[in-house]
Amino acid sequence: MKQLQKDYSSSDSNNIILSLPKLVFCLLLCLFLSLSLTSFSFKSLSTPSLPPPNNHPSVTTHITLPDPAPQPQPDPTQLRHVVFGIGAAANKWARRKEFIKLWWVPNATRGYVFLDRHVDDPGDPNEHPTLQLKVSEDTSSFGYSYRHGSRSALRMTRIVSEIIRATGSDPGQEEIRWVVMGDDDTVFFPSNLVRVLQKYDHNKMYYIGSNSETHVQNINFAYDMAFGGGGFAISYPLALEIEKMQDSCIQRYTSLYGSDDRIHACLAELGVPLTKEPGFHQFDVHGNLFGLLTAHPVAPLVSLHHLEIVDPIFPYMGRLQALQRLKIPTKLDPESLMQQSICYDSRRNWTISVSWGYAVQIIRGSIPPREMQRPARTFFNWQNRDEPSSFSFNTRPFSKHPCEKPYIYYLFNAMFNNEANVTASEYVMHRMPHPWCWWPIDNPERVHRVQVYKKLTDPHKWDEAPRRDCCRVLQADKKNTVAIDVGECKEGEVMEPLLS
Ligand SMILES: *[C@@H]1O[C@H](CO)[C@@H](O)[C@H](O)[C@H]1NC(C)=O
Ligand SMILES: *[C@@H]1O[C@H](CO)[C@@H](O)[C@H](O)[C@H]1NC(C)=O
Ligand SMILES: *[C@@H]1O[C@H](CO)[C@@H](O)[C@H](O)[C@H]1NC(C)=O
């Protein structure tokens, strides 16, 4: 090692002081090299340059190479490049298909629903012409030894392979870049999914998703496993590899429970790790998602799951009706959906948190961003218990002090304001009892609505380093309304809590 270092340093000093004969030799070499290099293809020029020939590392600095031709921009991934594989059960199909209808865009979304047997569903193929119902192949020859588990895990696992085989004859096959798996109770936000997939090279082998909110689930399965209900994406080259080995692979893991851990086991054999994207949500929780949704990670919202288990996301509504309410903001500005911004009303000493397209909270006093960005525990863990240490992320109590109980405003409507060139979304107070508060601070109860103005998300926002938007309290002319502007933080802008 020492010897090597010494050699390098001696050759370095050679570069600095060039004797005349060396210089002449060097120039000749340069001429020769520049002649021979011009005949190289552009492809080889774009690869990192090799170390120059021994003893003359300086030669490259003398060669003037022609500018490489601009690389043609590969066309970014679109929805038509994604094929969905939804695992479903015939006995639940009539109910669960309503979840799929929420996000499936007829003639734009592609994919298959895999059922355990044929269902008579004559209306739907016309309603959703690009959604095809398929009966899974027979898996009775495969072993399954997990006690109290369901053999349906086998057919769900094989959806990836069956899609590859099914699309082999599809004329649009060469357009497939990603296979995205989900359950029949997964709700996707397709344009955000596409936005996330655009970050990755579909020609490489990727396994993208997220794990569980409850530690024990990650311990029993794996922290580096994509939980199936939250959905996960597999790039086409990886799906091809899986198709080749999956049937023999799953025979080696007959004692596993589900389909997602079988996929994980086979991907471990292929050596492909999980690429974690925080917008996929398994939601292994019970209760109210409010705390999780209002402190969404700074990443596009990709999926929601277990929506038949948790409370409706808007109060006083059915589950489906509540999800339908997200349709308007999702259409207006999907990439802003649930994105949290935090600001302070210095006049009234309030903390304000906006979760765009969903809810606004007004809290008395000043709670710093580091706390507001933690999900408030409005939910329980997968064992239905309120145990802060059971979650695989930081949480906080819903309110620590009676005066700090948030006033909640839920999305009422949203529209695009052509004149101002911004979206205007309106949030209306959710009436609920509040404990008596003795702080000499204005009572937010007087505020009945909150109006939020926001420019459309910059199309490149998520290509860049993630950053939370800023919000600013505007002077409203109406007494019972708070108006807020949400947008990119300006240079030097800080979400500074109020001093006491
Ligand atoms: C889907 O495409 C078919 C054929 O291109 C067309 O007849 C049908 O009206 C389209 N459906 C919707 C909902 O756009
Ligand atoms: C704002 O409220 C907090 C309570 O969270 C209090 O400690 C602080 O003194 C108040 N600040 C002002 C400027 O009134
Ligand atoms: C509206 O705002 C967008 C950015 O949100 C901008 O690109 C566009 O030029 C604006 N249009 C007008 C008419 O000002």
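Positions are given from 1 along the sequence. None of the values given here were measured: they were computed from a predicted structure. In listed order, ligands and their atoms are each counted from 1.
- Taking the six-membered ring for Trp, F283 and F379 have ring centres at least 6.0 Å apart.
- Centroid-to-centroid, the aromatic rings of H81 and W178 stay 6.0 Å apart or farther.
- Each of the following atoms of ligand 2 lies closer than 4.0 Å to a heavy atom of W439: 4 (C), 5 (O).
- Distance check for atom 7 (O) of ligand 3: every protein heavy atom is found at 4.0 Å or beyond.
- Atom 10 (C) of ligand 3 has as its closest protein heavy atom N421 ND2, 2.3 Å.
- Partner of R364 under the side-chain hydrogen bond (donor to acceptor under 3.5 Å, both in side chains) criterion, chosen from N349, T351, N443: N443.
- Two residues are said to be in side-chain contact when any heavy atoms from C-beta on lie closer than 4.5 Å; K490 and R472 meet this criterion.
- Under the 4.0 angstrom criterion for non-hydrogen atoms, I441 is in contact with ligand 2.
- Of the two cysteines examined, C471 and C343, the SG atoms meet the criterion of being under 2.5 Å apart.
- Contact check on E371 versus K400 returns a salt bridge, with a Lys/Arg side-chain nitrogen under 4.0 Å from an Asp/Glu carboxylate oxygen.
- Annotation: N349 places an N or O atom under 3.5 Å from an N or O atom of ligand 2; distance criterion only.
- In the vicinity of S366, heavy-atom distances shorter than 4.0 Å reach the ligand 2 atoms 5 (O).
- Contact annotation for C403 and ligand 2: no heavy atom of the residue comes within less than 4.0 Å of the ligand.
- Note that atom 4 (C) of ligand 3 has no protein non-hydrogen atoms nearby, at separations under 4.0 angstrom.
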